[in-house]
Trainee: 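Please find one structure pasted underneath; my questions will follow.
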Amino acid sequence: MAEPIRVTIKDDTGQQEVSIGTGSADKQAQTSIKNKQVKANERNTQIAAAGVFVAMQSANYVTSNIGKWTGRQSVQTNINNAKKVVGYGAALAANVWMGLAVIAVDGATTIADYMYDRKWEQIRSSQAKARNGDLGGYRR
């Protein structure tokens with residue numbers, strides 16, 4: 001950034017300072033430089049965000065398919081639980097109240113899924129008993 005040239009004029013009434021080189025051309029040049037810097041920063045931020053997205057997608061793909069590749073569902077379950085714990089930690093680190101809300105909602109959905117699965121397990125059990133001539137059967 002160019003410094004303006006300062007000229008001091010002395011006369012009988014005192015000093016008067018005049019600045020030269022601070023016209024609109026200099027301001028436009030400075031604005032143009034700042035705009036270029038902002039655009040470069042935005043482009044770098046977009047590139048970094050795209051890189052993070054690709055890395056996250058790759059990590060998610062790998063961790064989601066380990067059970068399939070190894071043939072062991074227990075390994076996949078452990079990895080999924082570890083991912084869930086890391087997600088809770090990240091949510092809590094970002095915002096404690098929002099992290100607690102995430103944990104509460106996830107807990108509620110887990111309980112709802114468990115209750116749904118349990119209901120249909122009991123229905124299948126009741127139907128199997130009915131087929132075997134045991135008591136009752138499932139009645140809606």
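All values below come from the heavy atoms of this structure, side chains included, with hydrogens, waters and symmetry mates left out.
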Trainee: Identify every side-chain donor-acceptor pair in residues 53-60 under 3.5 Å, counting partners at least two apart or on other chains, and give the distances.
Mentor:
| unit_1 | atom_1 | unit_2 | atom_2 | d |
| --- | --- | --- | --- | --- |
| S58 | OG | V54 | O | 2.9 |
| N60 | OD1 | S64 | OG | 3.3 |
| N60 | OD1 | K83 | NZ | 2.8 |

Trainee: Taking only residues two or more places apart in sequence or in another chain, which ones pass salt bridge (Lys or Arg N to Asp or Glu O under 4.0 Å) with R118?
Mentor: E121
Trainee: Kindly write out the residues that satisfy side-chain hydrogen bond (donor to acceptor under 3.5 Å, both in side chains) with Y114, not counting sequence neighbours, or none if the list is empty.
Mentor: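 Here no residue qualifies.
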Trainee: For I79 versus T63, what's the shortest heavy-atom pair and its separation?
Mentor: CG2-O, 3.6 Å
Trainee: Considering residues at least two apart in sequence or located in another chain, which fulfil the side chain to side chain contact (heavy atoms under 4.5 Å, CB included) criterion with T77?
Mentor: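 Only Q73, N81 meet the side chain to side chain contact (heavy atoms under 4.5 Å, CB included) criterion with T77.
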Trainee: Does any pair with a residue in residues 64-83 pass ring pair (Phe, Tyr, Trp, His ring centres under 6.0 Å), and if so which ones, sequence neighbours excluded?
Mentor: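 Checked against ring pair (Phe, Tyr, Trp, His ring centres under 6.0 Å) - neighbours excluded - the pairs reaching residues 64-83 are Y61-W69.
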Trainee: Can you tell me which residue pairs pass the salt bridge (Lys or Arg N to Asp or Glu O under 4.0 Å) test with a partner in residues 45-63, sequence neighbours excluded?
Mentor: none
Trainee: In a table with atom names and distances, give each donor-acceptor pair under 3.5 Å that connects a side chain of residues 91-103 to protein atoms at least two apart or in another chain.
Mentor:
| unit_1 | atom_1 | unit_2 | atom_2 | d |
| --- | --- | --- | --- | --- |
| N95 | OD1 | W97 | N | 3.1 |
| N95 | OD1 | M98 | N | 3.4 |

Trainee: Tell me which pairs pass salt bridge (Lys or Arg N to Asp or Glu O under 4.0 Å) where either residue lies in residues 55-64, with sequence neighbours left out.
Mentor: none
Trainee: Tell me, which pairs form a salt bridge (Lys or Arg N to Asp or Glu O under 4.0 Å) where one or both residues lie in residues 54-65, sequence neighbours left out?
Mentor: none
Trainee: How long is the span from the CZ atom in R124 to the CD atom in Q122, to the nearest 0.5 Å?
Mentor: 10.5 Å
Trainee: Could you tell me which residues satisfy salt bridge (Lys or Arg N to Asp or Glu O under 4.0 Å) with K84, sequence neighbours excluded, listed by chain and number?
Mentor: D106
Trainee: Show me the donor-acceptor pairs within less than 3.5 Å that the side chains of residues 40-47 make with the rest of the protein, sequence neighbours left out.
Mentor:
| unit_1 | atom_1 | unit_2 | atom_2 | d |
| --- | --- | --- | --- | --- |
| N41 | ND2 | Q37 | O | 3.4 |
| N44 | ND2 | A40 | O | 3.4 |
| T45 | OG1 | N41 | O | 2.8 |

Trainee: Provide the full list of salt bridge (Lys or Arg N to Asp or Glu O under 4.0 Å) pairs with a residue in residues 54-74, sequence neighbours left out, each pair given once.
Mentor: none
